[in-house]
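What follows is a single structure, written as structure tokens, with notes after it.
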There are 2 protein chains.
Amino acid sequence: MKITLIGAGKLGNQFYQKMVNNPNIELIQWVNRSSKLDKSTEGVSIIKNLFDLISADIYILAVSDDAISFASDQISNEAFLVHTAGSVSIDALSNQKRKGVLYPIQTFSENRKIDFSKFSFGIEASQEKDLSILIKLTNFLNTKYILMDSNKREALHLAAVLVNNFTNHLFTEAKNLCASHQLPFNLLLPLIKETVDKLDVLLPQEAQTGPAIRNDQHTIEKHLNLIGDPVLKKIYLTLTSAIQNRYENKKL
Amino acid sequence: MKITLIGAGKLGNQFYQKMVNNPNIELIQWVNRSSKLDKSTEGVSIIKNLFDLISADIYILAVSDDAISFASDQISNEAFLVHTAGSVSIDALSNQKRKGVLYPIQTFSENRKIDFSKFSFGIEASQEKDLSILIKLTNFLNTKYILMDSNKREALHLAAVLVNNFTNHLFTEAKNLCASHQLPFNLLLPLIKETVDKLDVLLPQEAQTGPAIRNDQHTIEKHLNLIGDPVLKKIYLTLTSAIQNRYENKKL
């Protein structure tokens, strides 16, 4: 399967590493604007300009959300072009007759190799036969897949923001709290890991504990008195009342 | 070391299991009001009434926050009494001359065995020699410990609420979102695990991604349009503006 990879950010680099020595994949061009080379160390042709694209079975866009429809306009309308964004409709690939989406339900960082066998891609294609090509690609990448249209994918992306971006921000706030009391943040790591490991056997609503669900007003007030920062205070109040609201309604 | 364990909730049961066959610990009485037996299957004496307590080196209170000072009043003022609560001052043990705290920085659920070697206790004692006893106990339990006074412990408990209770509630909200779009929640588990695994090598502020930190107003508005529920909408707005606020200030 001939692949052209467009983009060399966090996701683009993960794709590159996963594809470059893959026996079932021929990576024929890599659009990488930050490289000064015209060939990668593994011998893949590096180009900067979309006008230099040659024929491939799939063109994978691993670029920022805003660049998707811009790139679409510059790529042949005969090409099978797929984007990788969670919250962008397949229709953003307005120029192509053959369009698709290959959304990795995962977070990527620089210098962290992600195991492709451990997450799923949400996939979608405008034509039946192209869906088969995407499924074949996920097999070659040794990943799982789930079919979903753009509406479902956008809802899943929103859920991903809750569990990844928002959760990570709570970690940052907790880290700052620890720092301001001369406590090492890593004291909390076993607790954080257990909170997540529990999800394998308990539903999150079954695992909910703490002063909010207990309606322990005394502890809640103590916590509010401890918080100096108005932004953290608002987070505390919002999540406390959200928890109380959810479980209050459940009891009715 | 002679121990009396008071309480048979989630934490009380974990302590019981960890102590009952421990060669260095003699569990002499277990105050367990829900049991109908007067001896546990392992032969430990079970009592219901604090008046029946006999002499021990440490009395461990694994009871609800509200019951701590009530229990203290009923236990001899000569006893070395420790409580296990994150947000309760050592002074709540008002009746004892020898008081202490043994706060497990972990979350406990029914039917889930927790590895004691993988978390720390925050410990505190009113007398130096009792601190040595608590340290010895943590060695017997094969756990780590960190000394902290009640103020620090209360701040750590607040941080624990952020990373455990609030994070878990975000998981619940994400699960509900998935359910309402006929998507399996377990699609998000690899993402959740990676979000946490990253903390071993990256600071959470270095790992922050998503529409809020990118100030991607287009995606934020799409998400807000997707959210029907006003409680979730408030969570989304609060955390999005908290993230924007934190990183905005950082740039100044």
Side-chain angles (χ1 to χ4, degrees), chain A residues 65 87 105-107 109 112 118-120 146 152 154-156 158-175 177-178 181 183 187-196 198-199 202 204-205 207-212 219 222-223 226 231 234-235 238-239 242-243 245, chain B residues 65 87 105-107 109 112 118-120 146 152 154-156 158-175 177-178 181 183 187-196 198-199 202 204-205 207-212 219 222-223 226 231 234-235 238-239 242-243 245:
Chain A
D65 292 6
S87 70
I105 310 165
Q106 186 50 288
T107 177
S109 320
R112 254 183 91 73
K118 296 249 176 75
F119 67 89
S120 304
I146 174 171
K152 278 197 182 191
E154 285 168 28
L156 187 63
L158 167 58
V161 165
L162 302 185
V163 301
N164 170 246
N165 305 155
F166 290 176
T167 290
N168 187 70
H169 187 64
L170 291 174
F171 298 158
T172 302
E173 293 287 352
K175 194 185 161 294
L177 260 175
C178 286
H181 291 84
L183 287 162
L187 282 178
L188 294 173
L189 289 183
L191 170 62
I192 292 173
K193 294 199 176 179
E194 173 62 13
T195 305
V196 167
K198 259 188 214 183
L199 295 175
L202 283 177
Q205 62 266 40
Q208 190 65 46
T209 57
T219 302
K222 246 196 244 187
H223 284 165
L226 259 172
V231 175
K234 191 161 178 203
I235 292 174
T238 300
L239 279 160
I243 292 168
N245 197 293
Chain B
D65 292 7
S87 69
I105 310 165
Q106 186 50 286
T107 177
S109 320
R112 257 183 88 72
K118 295 248 177 74
F119 68 90
S120 303
I146 174 170
K152 277 198 181 188
E154 285 168 27
L156 187 62
L158 167 58
V161 164
L162 302 184
V163 302
N164 170 247
N165 304 156
F166 289 177
T167 290
N168 188 70
H169 187 64
L170 292 174
F171 298 158
T172 302
E173 292 287 352
K175 193 184 162 293
L177 259 175
C178 285
H181 291 85
L183 287 162
L187 282 177
L188 293 172
L189 289 182
L191 169 63
I192 291 172
K193 294 200 175 178
E194 172 62 13
T195 304
V196 167
K198 260 189 213 181
L199 295 175
L202 283 177
Q205 62 266 41
Q208 189 66 44
T209 56
T219 302
K222 246 197 245 185
H223 284 166
L226 259 172
V231 175
K234 191 161 177 201
I235 292 174
T238 300
L239 278 160
I243 293 168
N245 197 294

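Below, each value reflects all heavy atoms present in this structure, side chains not excepted, and no hydrogens, waters or symmetry copies. In what follows, chains are A, B, ... by sequence order, proteins preceding strands, each numbered from 1.
- In terms of non-hydrogen atom pairs under 4.5 Å with chain B, the most contact-rich of A/Ser120, A/Ala207, A/Pro204 is A/Pro204.
- Counting heavy atoms from C-beta on, the side chains of B/Leu199 and A/Phe171 come closer than 4.5 Å.
- Going from atom OG1 of A/Thr172 over to atom CD1 of B/Ile243 covers 8.0 Å, rounded to the nearest 0.5 Å.
- A donor-acceptor pair under 3.5 Å links the side-chain atoms of B/Lys222 to the main chain of A/Ser87, judged by distance alone.
- Between A/Val231 and B/Ala242 the shortest heavy-atom distance is CG1-CB, 3.5 Å.
- Under the 4.5 Å side-chain criterion, counting only non-hydrogen atoms from C-beta, A/Lys198 is in contact with B/Thr107.
- Contact count versus chain B (heavy atoms, under 4.5 Å) is highest, among A/Leu156, A/Val163, A/Asp65, for A/Val163.
- Annotation: maximal heavy-atom pairing with chain B below 4.5 Å, among A/His181, A/His169, A/Lys152, occurs at A/His169.
- For the atom pair A/Ile105 CD1 and B/Leu189 CG, the distance stands at 11.0 Å (nearest 0.5 Å).
- Distance alone, capped at 3.5 Å, is enough to place a donor-acceptor pair between the A/Gln208 side chain and the B/Asn165 backbone.
- Among the candidates B/Ile192, B/Leu183, B/Leu191, B/Thr167, the residue making the largest number of heavy-atom pairs closer than 4.5 Å to chain A is B/Leu191.
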Could you walk me through whether A/Asn164 and B/Thr195 satisfy the side-chain hydrogen bond (donor to acceptor under 3.5 Å, both in side chains) test, starting with their C-alpha distance in whole Å, then the side-chain angles of each, then the deciding distance to 0.1 Å, before giving a yes or no? CA-CA 6 Å; A/Asn164 170 246; B/Thr195 304; 2.8 Å; yes

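- The closest side-chain heavy-atom distance from B/Gln205 to A/Lys175 is below 4.5 Å.
- To the nearest 0.5 Å, atoms CG (B/Leu162) and CG (A/Leu188) are separated by 9.0 Å.
- Taking 4.5 Å as the limit, some side-chain heavy atom of A/Glu194 sits within range of a side-chain heavy atom of B/Arg112.
- Distance check: A/Leu158 CG to B/Leu226 CG gives 6.0 Å after rounding to the nearest 0.5 Å.
- No side-chain heavy atom of A/Val161 sits under 4.5 Å from any side-chain heavy atom of B/Thr219.
- With A/Glu154 contributing its side chain and B/His223 its backbone, the two residues share no donor-acceptor pair below 3.5 Å.
- Among B/Thr209, B/Ile146, B/Leu202, the residue making the largest number of heavy-atom pairs under 4.5 Å with chain A is B/Thr209.
- Of the atoms belonging to B/Ile235, heavy atoms from both backbone and side chain fall under 4.5 Å from chain A.
- Summarising the geometry of B/Gln106 relative to A/Pro190, their closest heavy-atom pair is NE2-O, 3.4 Å, with the distance given to 0.1 Å.
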Show your reasoning for whether side chain to side chain contact (heavy atoms under 4.5 Å, CB included) applies to A/Lys193 and B/Lys118. CA-CA 10 Å; A/Lys193 294 199 176 179; B/Lys118 295 248 177 74; over 6 Å; no

